[in-house]
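Quick notes on the structure that follows.
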2 protein chains.
Amino acid sequence: MKNKANFGATVTEASRERPTLKTIAFMTGLGITTVSRALKDAPDIGAETKERVRMVASQLGYQPNRAGVRLRTGKTNVIALVLSIDEEIMGFSSQLVFGISEVLTGTPYHIVVTPHSHSKDPMLPVRYILETGSADGVIISRIEPDDPRVRLLSERNMPFATHGRTDAGLTHPFHDFDNEAFAHQAVEKLVALGRKRIALLQPPSKLTYYTHTRIGFQTGLHDYGAEEVPLRVTIDTPLDEIRNAIEALMRSNNAPDGIVCSAGSAAIAVNAGIEAAGKRLGVDIDMATKESTPILNWIRPEIITAREDFRHAGREMAKAVIARIDGVEPELLQSISQPVWKA
Amino acid sequence: MKNKANFGATVTEASRERPTLKTIAFMTGLGITTVSRALKDAPDIGAETKERVRMVASQLGYQPNRAGVRLRTGKTNVIALVLSIDEEIMGFSSQLVFGISEVLTGTPYHIVVTPHSHSKDPMLPVRYILETGSADGVIISRIEPDDPRVRLLSERNMPFATHGRTDAGLTHPFHDFDNEAFAHQAVEKLVALGRKRIALLQPPSKLTYYTHTRIGFQTGLHDYGAEEVPLRVTIDTPLDEIRNAIEALMRSNNAPDGIVCSAGSAAIAVNAGIEAAGKRLGVDIDMATKESTPILNWIRPEIITAREDFRHAGREMAKAVIARIDGVEPELLQSISQPVWKA
DNA sequence: CAATTCTACTGTAACGTTACAGATTTTAAT
DNA sequence: ATTAAAATCTGTAACGTTACAGTAGAATTG
């Protein structure tokens with residue numbers, strides 16, 4: 001042990017300020033570089049020294065200065081979550097945030113929320129992040145089959161994960177809900193109740209999971225012998241318009257006896273439309289829907305629900321982005337979760 | 001004009017990298033300091049020079065490097081939103097986030113979401129932010145009358161805004177919903193329907209707005225001549241327990257004929273409990289509740305609702321924090337929004 | 001024992017920004 | 001014409017970190 005360590009000296013001066021590597025170097029009598037390397041467990045630092053540095057660091061409550069690290073290394077320790085502010089009704093995006101946070105707790109990463117309106121150019125937030133280098137990783141949702149954001153992020157080598165799949169030959173981390181299985185099983189459930197004329201409240205056609213949902217729905221119709229009653233609104237339609245459209249459809253002479261609903265938030269509007277038309281769930285019609293918060297059955301116990309866990313999705317995507325940052329191959333960072341039907 | 005400006009030189013070298021002050025200095029032939037000062041409109045820089053620098057900067061798409069600024073000045077350009085992950089059901093916190101973002105767009109500020117469980121020590125996230133200096137301003141919710149976080153933030157001179165008021169003599173920016181008016185008016189509406197025995201699903205007693213709600217409720221009972229039917233669950237109780245408690249109460253021989261509900265998310269559970277007991281809203285009992293997302297009336301048109309706009313709250317708090325950072329006195333940064341009853 | 005290789009540690013420079021203390025030129029005042 | 005005062009502009013240093021290129025001494029080799 002060198003004998004230039006300073007104990008107790010200038011405690012008053014140093015103790016109120018936030019400690020830096022310099023503080024630790026001063027207290028241990030080591031060089032700043034040595035302290036830096038000791039804290040990151042570099043191989044060329046003695047075991048005893050490392051131990052001593054770690055002790056002092058934790059005693060001082062040392063936390064590396066993010067700005068210093070970021071300026072020097074370019075590492076931001078930020079995960080950007082790009083959120084659409086339009087589609088939010090039932091708080092599914094907060095569940096995403098909380099899921100992501102769960103994973104980020106205990107890592108050096110922070111979550112920065114970058115909201116945008118999907119009626120505006122969806123490339124804007126991604127371009128901004130790339131141009132300013134303001135994040136180490138990005139999470140995006142509302143994925144299209146050939147999503148330009150996915151192209152751009154891949155091209156620029158920015159680690160990212162998507163909530164939903166693409167379909168344009170690009171391999172990238174994603175988490176998705178198995179919408180095909182959902183729609184197929186939803187039809188199965190409805191047919192099991194004797195329903196044969198089924199409508200689908202589907203996602204907007206430009207999103208990838210529109211196709212998944214359609215395929216599941218149509219193979220379901222085929223497999224279980226039912227027919228489709230067309231519905232022109234989507235889950236992106238404002239809720240009151242959905243309600244009105246369902247009411248009109250239920251009053252028409254083309255009324256379905258079953259409906260599959262691709263979003264938990266829309267189910268309330270669908271139910272309202274059915275009731276507004278004077279029809280009864282479980283009698284005139286049955287509905288099978290996704291739900292993110294288990295409350296639909298309190299509204300109408302007859303609603304058939306499959307749980308979609310957004311918190312889990314957030315966790316999966318956060319893990320995927322971090323793994324990607326750490327160099328894990330994208331192939332290994334893809335997951336799909338299955339619908340869980342309430343018994 | 002000096003003649004050492006470099007036009008077109010080393011375009012290839014410079015154009016792919018992100019431009020810095022150095023880039024602009026090089027292109028204009030000015031010093032780095034001059035460019036820096038020109039961009040912040042300092043008084044000792046010539047008008048013509050400023051114009052020229054601004055031109056080049058915008059042409060290059062110059063954006064100041066956040067790490068550089070942060071390291072030098074300590075300014076983080078971050079607003080931290082401390083959120084409780086437990087209370088979230090209906091997505092009210094995403095509305096907060098989106099409201100805040102609306103205001104932050106076009107400013108240099110970013111929003112970092114710092115979630116925590118309110119079953120854990122609520123001081124932790126605030127302490128972390130203060131110790132690491134990781135934000136210029138903080139927004140917190142679930143405010144207690146003598147909230148230790150408010151004390152700490154005030155003491156440390158960290159700009160902040162609260163979602164809810166305190167009651168311990170500290171002046172600070174806040175936005176609050178007028179829960180006293182809400183509860184008072186809720187009782188009024190119920191009594192107007194002939195209800196006299198009213199229960200209150202109230203906030204947990206440690207939060208400030210518990211008191212506001214109680215006062216409004218009790219003066220309401222007094223003013224309109226009704227009595228309280230005690231209810232032991234709060235809006236923090238898990239939804240299924242609320243449902244069960246309401247069901248039990250409605251089945252008892254002490255059943256209320258009116259209920260005031262302090263949270264939109266809980267209203268669904270209350271309604272479920274009422275129906276589970278075989279009672280009917282509008283017949284056996286009436287309910288007046290807050291709601292953040294206008295859907296309750298689709299579930300049961302009989303529910304009497306007052307809108308609480310969390311997006312607006314987010315906007316107000318974001319404006320308040322930024323104003324506070326800019327030195328505006330806290331007295332001027334307090335706002336209360338009134339309940340808006342659906343016609 | 002001299003030469004070589006390890007082990008353990010360190011100083012310098014740089015990331016991009018801004019505060020500060022000048023420096024230079026122009027204009028105004030005597 | 002000389003001095004004083006503005007008006008503009010600039011270099012240096014520092015914020016905290018890490019990559020890099022060392023150095024000094026101990027241990028190993030032939």
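Chain naming here is simple, since letters A, B, ... match the order of the sequence lines and numbering starts at 1 in each. No experiment lies behind these values; they were computed from the predicted model shown.
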> Between A/F310 and A/H163, what is the ring plane arrangement, given parallel below 30°, perpendicular above 60°, and tilted in between?
Replying inline: perpendicular

> Could you state the CD1-C1' distance from A/I24 to D/dG16, rounded to the nearest angstrom?
Replying inline: 12 Å

> Quick one: is C/dG16 close enough that its OP1 or OP2 comes under 4.0 Å of any side-chain N or O from B/S36?
Replying inline: no

>> Base, sugar-phosphate or nothing for A/G68? Non-hydrogen atoms, less than 4.0 Å.
In response: base

> Does the side chain of B/K22 get closer than 4.0 angstrom to OP1 or OP2 of C/dG16 through an N or O atom?
Replying inline: no

>> Expressed as a whole number of angstroms, how long is the span from A/R66:CZ to C/dT17:C1'?
In response: 19 Å

> Whole-Å distance between C/dT17 P and A/L71 CG?
Replying inline: 9 Å

> 5'-most contact on DNA chain C: B/N65 or A/I32, nearest heavy atom basis?
Replying inline: A/I32

> Can you find a donor-acceptor N/O pair under 3.5 angstrom joining the side chain of A/R72 to the base of D/dT17?
Replying inline: no

> For A/K75 and D/dA19, what is the distance between atoms NZ and C1' respectively, to the nearest whole Å?
Replying inline: 17 Å

>> For the CD1 atom of B/I24 and the OG1 atom of B/T34, what is their distance to the nearest 0.5 Å?
In response: 12.0 Å

>> Under a 3.5 Å cutoff, is there a donor and acceptor pairing between the side chains of A/H172 and A/T166?
In response: yes

>> Just the rounded figure in Å: distance from C1' of D/dA19 to CZ of A/R70.
In response: 20 Å

>> Students often get this wrong, so: under 4.0 angstrom with heavy atoms, is B/T33 touching a base, only sugar-phosphate, or nothing?
In response: base

>> Regarding B/T73, tell me which of base, sugar-phosphate or nothing describes its non-hydrogen contacts under 4.0 Å with the strands shown.
In response: sugar-phosphate

> Can you check the A/E17 CD to D/dC15 P distance for me, whole Å?
Replying inline: 11 Å

> Between atom NZ in A/K40 and atom C1' in D/dC20, what is the gap in whole Å?
Replying inline: 15 Å

> Among the nucleotides C/dC9, D/dC9, C/dT17, which one has an atom lying closest to any side-chain atom of B/I45?
Replying inline: D/dC9

> Just checking B/P64: base, sugar-phosphate only, or nothing, at a heavy-atom cut-off of under 4.0 Å?
Replying inline: sugar-phosphate

> Is the side chain of B/R165 donor-acceptor paired with the backbone N or O of B/E144 at a distance under 3.5 Å, no angle test?
Replying inline: no

> Could you state the CD-P distance from B/E48 to D/dA7, rounded to the nearest angstrom?
Replying inline: 17 Å

>> So B/T20, base contact, sugar-phosphate only, or nothing? Heavy-atom distance under 4.0 Å.
In response: sugar-phosphate

> Hey, mind stepping through B/V138 and B/M158 against side-chain contact (heavy atoms from CB on, under 4.5 Å) and telling me if it holds?
Replying inline: CA-CA 8 Å; B/V138 179; B/M158 168 68 83; 3.9 Å; yes

